[in-house]
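These notes concern the structure reproduced below.
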Amino acid sequence: MGVGVSIFFLTLGAILRFAIEPDVFGQSVHMDIIGVIFMIVGGVGVVLSIVLAPRRGRTSDSQLMHRENNPPDI
């Protein structure tokens, strides 16, 4: 999960938590609790994306090339 998806979850969670009445869908679905869960998932995603980003950039694809001065026989 990248930073963009994490910010999306944070935004969606904040909308569900603060902008929608908790009992819009009845007593069986608690939208405020679902919003809090989305905000937690988004926050953890942002932290993990920032922590793991430097490790992703350090990978290199090094290849060993061997060259000889002799031209190939045709």
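Keep in mind that what you see is a predicted model, and the values were worked out from it rather than measured. Along the sequence shown, the residues carry numbers beginning at 1.
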For residues 32-41, which side-chain donor-acceptor pairs fall under 3.5 Å, sequence neighbours excluded?
none

> Taking only residues two or more places apart in sequence or in another chain, which ones pass side chain to side chain contact (heavy atoms under 4.5 Å, CB included) with Val47?
Replying inline: Val51

> Which heavy atom of Gly2 sits nearest a heavy atom of Ser49, and at what distance?
Replying inline: C-OG, 3.6 Å

>> Within this structure, what is the CG-CG distance for the pair Leu16 and Leu12, rounded to the nearest 0.5 Å?
In response: 4.5 Å

